[in-house]
Every structure is written in structure tokens, then in C-alpha cells.
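Working notes, beginning with the structure itself.
The shown structure was predicted, so the numbers you read here are calculated from the model rather than taken from an experiment.
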Amino acid sequence: FELVESGGGLVQPGGSLRLSCAATGFKVDDYDIGWFRQAPGKELEGVSCISRTGANTQFADSVKGRFTISRDNAKRTIHLQMNSLLPEDTATYYCTADYNPSPSPSICTLSYFDHRGPGTQVTVSS
């Protein structure tokens with residue numbers, strides 16, 4: 001079971017970054033996928049998630065209107081597009097997976113996850 005993030009880096013305030021998550025070793029369409037982040041000295045925070053079919057997405061209030069999330073189950077990839085970045089978006093970003101094989105439409109959660117990748121650093125600074 002592996003989640004590998006990429007796309008982090010240093011960007012100026014107001015800039016954009018696109019994070020990617022490559023999922024391998026499991027049936028990706030049985031899992032809701034999320035992005036969490038942790039800044040130094042702060043708790044882990046749920047940023048965004050997308051349900052296993054892509055029908056439902058959730059965003060933290062702090063990123064609504066600036067971030068979008070998408071997934072391609074055939075390519076086993078999930079993307080987090082981050083626009084209008086702020087210094088307070090600086091953190092290590094983690095791709096997460098939450099097992100949810102229900103055949104019914106479901107709502108993903110920003111409260112917990114079953115698996116997490118090693119993370120990618122995002123620094124927003126001038």
C-alpha cells in the first residue's frame with residue numbers, strides 16, 4: 001500500500017502549485033482520498049478530500065475558493081490544485097486514503113484517514 005506525493009516547493013504569495021499523489025498497491029476506487037497538512041508546531045489539519053467516485057469533495061474553510069481536488073482512478077492519481085497561496089499555507093502536505101467501499105454515494109471526511117504518504121513540503125514565502 002503506497003501513496004507518494006510530489007509537486008511541492010517554494011512559491012511566492014499569490015502563486016500556485018499543483019500537488020500530485022500516486023497510489024499503488026491497492027484498489028484505489030475503494031478509497032476516499034484526502035490531503036492533510038501540518039505546519040511546524042501545529043496539529044495535523046484536513047485540507048481537502050474526494051470520495052472514491054469523485055462525486056463528493058470537501059474543503060477546509062481556510063482553503064475554500066482557492067484549492068480544488070481531482071482524481072483519475074484509471075491513472076491512480078489524485079491532484080490538489082492550490083491557487084492564491086498564502087504564507088499560512090506553508091506546511092508539509094500528506095496524501096491520505098480512507099477505506100470506503102460502499103456502493104452508495106458517500107461523503108468523504110476531513111477528520112481521519114487509514115493510510116498516509118510521506119509528505120511533500122510546500123513553502124509560501126517572498
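Ile50 and Phe59 fall within the same hydrophobic cluster, defined by Ile, Leu, Val, Met, Phe, Trp and Tyr side-chain heavy atoms under 4.5 Å apart, directly or through other members. Put simply, Leu80 and Val122 are part of the same group of oily side chains (I, L, V, M, F, W, Y) that touch within less than 4.5 Å, one to the next. Ile33 and Tyr93 fall within the same hydrophobic cluster, where Ile, Leu, Val, Met, Phe, Trp and Tyr residues are linked whenever their side-chain heavy atoms come under 4.5 Å apart, directly or through other members. Met82 and Val11 fall within the same hydrophobic cluster, defined by Ile, Leu, Val, Met, Phe, Trp and Tyr side-chain heavy atoms under 4.5 Å apart, directly or through other members. Both Leu17 and Ile78 belong to a single network of hydrophobic side chains, linked directly or stepwise wherever heavy atoms of I, L, V, M, F, W or Y lie under 4.5 Å apart.
No donor-acceptor pair under 3.5 Å is formed between the side chain of Ser20 and the backbone N or O of Ser6.
Residues passing the side chain to side chain contact (heavy atoms under 4.5 Å, CB included) test with Tyr112 are Asp98, Thr109, sequence neighbours excluded.
Of all non-hydrogen atoms in Pro118 and Glu5, the two that sit nearest each other are CD-OE1, 3.2 Å. The minimum heavy-atom distance between Arg66 and Leu85, with the atom names listed, is NH1-CA, 3.8 Å. Looking at every heavy atom in both residues, Val28 comes nearest to Arg71 through O-NH2, 3.0 Å. Across all non-hydrogen atoms, the minimal contact from Ser84 to Ser16 is N-OG, 4.3 Å. The two atoms that bring Trp35 and Ile69 nearest to each other are CD1-CD1, 3.7 Å, heavy atoms only. The two residues Leu3 and Cys21 have their closest heavy-atom pair at CD2-SG, 3.9 Å.
More than 12 heavy atoms of other residues, nucleotides or ligands shown are found within 6.0 angstrom of CG on Leu86.
The NZ atom of Lys42 lies 8.0 Å from the CD atom of Glu88; values are rounded to the nearest 0.5 Å. In this structure, Arg52 CZ and Asp30 CG are separated by 6.5 Å, a value rounded to the nearest 0.5 Å. A distance of 6.5 Å separates CD in Gln58 from CD1 in Ile107, rounded to the nearest 0.5 Å. One distance of note links OG1 of Thr68 with NE2 of His79; it measures 10.5 Å at 0.5 Å rounding. With rounding to the nearest 0.5 Å, the separation of CG in Leu44 from CZ in Phe113 is 5.0 Å. Taking CZ of Arg76 as the start and CZ of Phe26 as the end, the distance is 6.0 Å to the nearest 0.5 Å.
Residues Leu19 and Tyr94 have side chains not in contact (no heavy-atom distance under 4.5 Å, counting atoms from C-beta outward). At a threshold of 4.5 Å between non-hydrogen side-chain atoms, the residues Gln121 and Thr90 count as touching.
For Tyr31 and Phe1, the gap between ring centers is short of 6.0 Å.
Between the side chains of Asp32 and Ser51, not a single donor N or O lies within less than 3.5 Å of an accepting N or O. No side-chain donor-acceptor contact under 3.5 Å links Asp29 and Asn73.
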> Should Glu45 and Ser62 be marked as a side chain to side chain contact (heavy atoms under 4.5 Å, CB included) after you check the CA-CA gap, both sets of side-chain angles, and the distance that decides it?
Replying inline: CA-CA 10 Å; Glu45 174 192 20; Ser62 57; 3.4 Å; yes
